[in-house]
There are 2 protein chains.
Amino acid sequence: MKIGQVSEKSGLPTKTIRYYESIGLVAPAGRTAAGYRAYDKNDLETLKFIQRARSLGFSIQEVSALLMLWNDRNRASAQVKELAKRHVEEIDRKVAELQSMKETLSTLIDKCHGDDRPNCPILNDLANVR
Amino acid sequence: MKIGQVSEKSGLPTKTIRYYESIGLVAPAGRTAAGYRAYDKNDLETLKFIQRARSLGFSIQEVSALLMLWNDRNRASAQVKELAKRHVEEIDRKVAELQSMKETLSTLIDKCHGDDRPNCPILNDLANVR
DNA sequence: CTTGACCTTACCATTACTGGAAGCTCCATA
DNA sequence: TATGGAGCTTCCAGTAATGGTAAGGTCAAG
């Protein structure tokens, strides 16, 4: 398989696949005589794994750790669970922050009549005019 | 006021204040004879405004728009409201994405016994072993 | 034999900063 | 008066994870 095929099948842009190779997230691909990257089924599975982990919001660093655990037949599932739990906590933190922003904004939006008049509680709040 | 003072009072690092000047978000500060940046009360208010808008998650671009609206005595509050509403929608999208990730992960975490045994539903799912 | 799709590397841009180096300036203290 | 340290200056580089574009090589079809 050439990079276009694995891109199609993994859902990762070719650019991204080359990038992952360049940063050492995946081992350098084999090459054809012409210098094209050549992938086998195994490589594809790895890229799919990465794509799924990324889509769950794991950072490249975390994906790297997950890959190592995945390739370690003897790892304890506790390690993976721990990593996943920490990631969920991180997600929770982000959600809480966003919710808090939303709450403040929604309150301000409700107070703003939003017509042609210039008076605007949103700007007043940002300007700390209370 | 020198940059250290406005940094203190605005909650923005000096680095960040210089950065905002360099990208044109704020006008170049005045200078003392020695070449130090000199700020007045007005400059400080602008930086505080920016700090608050950023803390509500507005991008630099959006903050720039808000600043223009803030400085426009005749703007319609409808414009500000529109901008804020779009930002809230953006927040909603991010939250939904994070919630979806969290849901998937939580399900997997629950299924993983997390002990010394190597079998791990989390990795199995990432590897698409179903 | 040429066209067009696909591949290669290399470099710049993005977002919003943050860190560090090398060198001024200012003020207080010995 | 010298000196030391805090604070200021500019410039360069790096972060995460790509996206964009250029300039060029390769391959199969018509």
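To find a chain, count down the sequence lines: A is the first, B the second, and so on, and within it residues start at 1.
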Polar pairs (N or O, both sides) under 3.5 Å between protein and nucleotides 22-28 of chain D?
| unit_1 | atom_1 | unit_2 | atom_2 | d |
| --- | --- | --- | --- | --- |
| D:dG25 | N2 | A:Tyr36 | OH | 2.7 |
| D:dT26 | O4' | A:Tyr36 | OH | 3.1 |

message = Taking B:Tyr36 as the starting point, is it possible to reach B:Ile3 by hopping between hydrophobic residues whose side chains are less than 4.5 Å apart?
response = no
message = For the CE atom of B:Met68 and the CD atom of B:Gln79, what is their distance to the nearest 0.5 Å?
response = 10.0 Å
message = Quick check on A:Gln99: does its CD atom have over 12 non-hydrogen neighbours (other residues, nucleotides or ligands) under 6.0 Å away?
response = yes
inquiry  = I need the CZ-P distance between B:Arg18 and D:dC8, as an integer number of Å.
reply    = 7 Å
request  = Quick one: list whatever passes ring-ring contact (aromatic ring centres under 6.0 Å, His included) with A:Phe58, sequence neighbours left out.
outcome  = A:His87
query = Under 6.0 Å from the CG atom of A:Asp72, do we count more than 12 heavy atoms belonging to anything else shown?
reply = yes
ask   = Are B:Thr14 and D:dG7 close enough that a side-chain N or O sits under 4.0 Å from OP1 or OP2?
value = no
task = Check whether any side-chain heavy atom of B:Ile91 sits under 4.5 Å from a side-chain heavy atom of A:Leu105, and report yes or no.
result = yes
Steps toward side-chain contact (heavy atoms from CB on, under 4.5 Å) verdict (A:Val80, A:Trp70) = CA-CA 9 Å; A:Val80 183; A:Trp70 186 39; over 6 Å; no
query = Distance check: side-chain N/O of A:Tyr19 vs OP1/OP2 of D:dG19, anything under 4.0 Å?
reply = no
note = Across all chains, not counting sequence neighbours, the side-chain hydrogen bond (donor to acceptor under 3.5 Å, both in side chains) partners of B:Asn119 are B:Asn124
note = Min and max contacting nt of DNA chain C in 5' to 3' order, chain B heavy atoms within under 4.0 angstrom, are C:dA16 to C:dC26
inquiry  = Using a strict heavy-atom distance below 4.0 Å, which residues from residues 4-11 of chain A are in contact with DNA chain C?
reply    = A:Gly4
query = Taking DNA chain D as the partner, which of residues 94-105 of chain A come within under 4.0 angstrom of it by heavy atom?
reply = none
message = Can you confirm whether more than 12 heavy atoms, excluding those of A:Gln5, are under 6.0 Å from its CD atom?
response = yes
inquiry  = Nearest 0.5 Å, please: how far is CG in A:Asp116 from CG in B:Asn74?
reply    = 11.5 Å
task = Please check if atom CD in A:Glu97 has more than 12 non-hydrogen atoms from other residues, nucleotides or ligands closer than 6.0 Å.
result = no
query = Looking at residues 83-91 of chain A, who's got a heavy atom less than 4.0 Å off DNA chain C?
reply = none
message = Short of 4.0 Å, heavy atom to strand atom, which residues of residues 41-49 of chain B count as contacting DNA chain D?
response = none
message = Would you compute the distance between atom CD1 of B:Ile122 and atom OG1 of B:Thr104 and round it to the nearest 0.5 angstrom?
response = 12.0 Å
key: Nearest-0.5 Å distance that lies between atom CG in A:Leu98 and atom CG in B:Asp92   = 9.5 Å
key: Atom-pair distance (CG on A:Leu12; C1' on D:dG19), nearest Å   = 14 Å
message = So A:Ser59, base contact, sugar-phosphate only, or nothing? Heavy-atom distance under 4.0 Å.
response = sugar-phosphate
message = B:Glu90: which residues meet the side-chain hydrogen bond (donor to acceptor under 3.5 Å, both in side chains) condition with it, sequence neighbours left out?
response = B:Arg93
ask   = So, the side chain of A:Thr14 versus the backbone of A:Gly4: is there a donor-acceptor pair under 3.5 Å, distance only?
value = no
Considering only distance and modelled atom types, tabulate donor-acceptor pairs under 3.5 Å from the side chains of residues 20-31 of chain A, sequence neighbours left out.
| unit_1 | atom_1 | unit_2 | atom_2 | d |
| --- | --- | --- | --- | --- |
| A:Glu21 | OE1 | A:Ala29 | N | 3.3 |
| A:Glu21 | OE1 | A:Arg37 | NE | 3.0 |
| A:Ser22 | OG | A:Tyr19 | O | 2.8 |
| A:Arg31 | NH1 | A:Gly35 | O | 2.9 |

task = Could you tell me whether A:Glu103 atom CD has more than 12 heavy atoms of other residues or ligands within 6.0 Å of it?
result = no
query = Do B:Thr46 and B:Leu67 come close enough that some side-chain heavy atom pair is under 4.5 Å?
reply = yes
remark   = Rounded to 10°, the helix from C:dC1-D:dG30 to C:dA30-D:dT1 deviates from straight, judged by its five-pair end axes, by 30°
key: B:Ile50 side, atom CD1; B:Ile60 side, atom CD1 - distance, nearest 0.5 Å   = 7.5 Å
ask   = Base, sugar-phosphate, or nothing for B:Ile3, non-hydrogen atoms under 4.0 angstrom?
value = sugar-phosphate
note = Output for pair (A:Thr16 OG1, A:Arg18 CZ), nearest 0.5 Å, gives 10.0 Å
Tell me which donor-acceptor pairs under 3.5 Å the side chains of residues 108-115 of chain B have, and how far apart each pair is, sequence neighbours excluded?
| unit_1 | atom_1 | unit_2 | atom_2 | d |
| --- | --- | --- | --- | --- |
| B:His113 | ND1 | B:Asp115 | OD1 | 3.2 |
| B:Asp115 | OD1 | B:Arg117 | N | 2.9 |
| B:Asp115 | OD2 | B:Arg117 | NE | 2.8 |
| B:Asp115 | OD2 | B:Arg117 | NH2 | 2.6 |

inquiry  = Rounding to an integer number of Å, can you tell me how far A:Ile60 CD1 sits from D:dG14 P?
reply    = 19 Å
